[in-house]
Amino acid sequence: QVALVESGGGLVQAGGSLSLSCAASGRTVRNYRMGWFRQAQGKEREFVAAINWSGGSTYYADSVKGRFTISRDNAKNTVYLQMNSLKPEDTAVYYCAAGRSLGYIRTTYGVDSWGKGTLVTVSS
């Protein structure tokens, strides 16, 4: 397993941008695909994006495709989520996730490790 720590959440107006970071630690970090999930109040946790080890393959939920970009810096063991054109419906706690099949599996069943989450609030 890996340990994950998110940062970068906050309050932003609709149409604005925000960037999230997730620092991973552990001996087997490179064995894991990385990704982001989010959970809005009263709703189930949902898949947002995922990326493989090399960064050559990325996966997105339809709701964020074209607006969010996931990337990773393996030298820093860090994954990023750049969020543009934010909408009030993007408001949620965003969780960093690591899983060996993440991307192919886009549910919480594909996750082996979770971060504690960071809150993103988009005001209208």
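As a basis for the values below, the full set of heavy atoms in this structure was taken, side chains included, without hydrogen atoms, waters or symmetry mates.
Pairs engaging residues 2-25 under the salt bridge (charged side-chain N to carboxylate O under 4.0 Å, His left out) rule: none recorded [sequence neighbours left out]. The stretch residues 65-75 participates, sequence neighbours left out, in these side-chain hydrogen bond (donor to acceptor under 3.5 Å, both in side chains) pairs: Asp62-Lys65, Arg67-Asp90, Arg72-Asn74. For residues 49-107, the pairs satisfying disulfide bond (SG atoms under 2.5 Å apart) are Cys22-Cys96, with sequence neighbours left out. Each side-chain hydrogen bond (donor to acceptor under 3.5 Å, both in side chains) pair with one or both residues in residues 51-61, not counting sequence neighbours, appears once here: Arg33-Tyr59, Asn52-Ser54. Among residues at least two apart or in separate chains, there is no salt bridge (charged side-chain N to carboxylate O under 4.0 Å, His left out) pair with a member in residues 101-118. Pairs of residues two or more places apart, or lying in two chains, that qualify as ring-ring contact (aromatic ring centres under 6.0 Å, His included) and include a residue from residues 32-52 are Phe37-Phe47, Phe37-Trp114. Residue pairs satisfying the ring-ring contact (aromatic ring centres under 6.0 Å, His included) criterion with at least one member in residues 71-93, sequence neighbours excluded, are absent.
Qualifying side-chain hydrogen bond (donor to acceptor under 3.5 Å, both in side chains) partners for Gln39, counting only residues two or more places apart in sequence or in other chains: Arg45. Applying the salt bridge (Lys or Arg N to Asp or Glu O under 4.0 Å) test to Glu46 and every residue at least two apart in sequence or in another chain returns Arg38. Under the rule for a side-chain hydrogen bond (donor to acceptor under 3.5 Å, both in side chains), Ser7 has no partner lying at least two apart in sequence or in another chain. Listed by chain and residue number, Tyr95, Leu119 satisfy the side-chain contact (heavy atoms from CB on, under 4.5 Å) test with Val93 (two or more places apart in sequence, or in another chain). Residues that satisfy the side-chain hydrogen bond (donor to acceptor under 3.5 Å, both in side chains) test with Ser25, not counting sequence neighbours, are absent from this structure.
In this structure, CG in Leu20 is found 3.5 Å from CE in Met83, a value given to the nearest 0.5 Å. Summarising the geometry, atom CD belonging to Gln82 is positioned 12.0 Å from atom CD1 belonging to Ile70; distances are rounded to the nearest 0.5 Å.
Between Thr107 and Ile105, some side-chain heavy-atom pair lies under the 4.5 Å cut-off.
The heavy-atom pair separating Leu102 from Gly110 by the smallest distance is CD1-O, 3.9 Å. Closest of all the heavy-atom pairs between Ser124 and Pro88 is CB-CG, 3.9 Å. When every heavy atom of Ala92 is checked against every heavy atom of Ala40, the shortest pair comes out as CB-N, 3.7 Å. Across all non-hydrogen atoms, the minimal contact from Ser113 to Leu4 is O-CD1, 3.5 Å.
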TODO: Applying side-chain contact (heavy atoms from CB on, under 4.5 Å), run through Leu86 and Leu18 and close with a yes or a no.
DONE: CA-CA 8 Å; Leu86 283 161; Leu18 207 59; 3.9 Å; yes
Open item on the list: One pair to check against side-chain contact (heavy atoms from CB on, under 4.5 Å): Val122 and Val120. What are the steps and the verdict?
Closed with: CA-CA 7 Å; Val122 184; Val120 172; 4.2 Å; yes
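Grouping the Ile, Leu, Val, Met, Phe, Trp and Tyr side chains by contacts below 4.5 angstrom, directly or via other members, places Val111 apart from Met34.
Thr91 places no side-chain N or O within 3.5 Å of a backbone atom of Glu89 that could act as its donor or acceptor partner. Looking only at distances, no side-chain donor or acceptor of Ser17 sits under 3.5 Å from a matching main-chain atom of Asn84.
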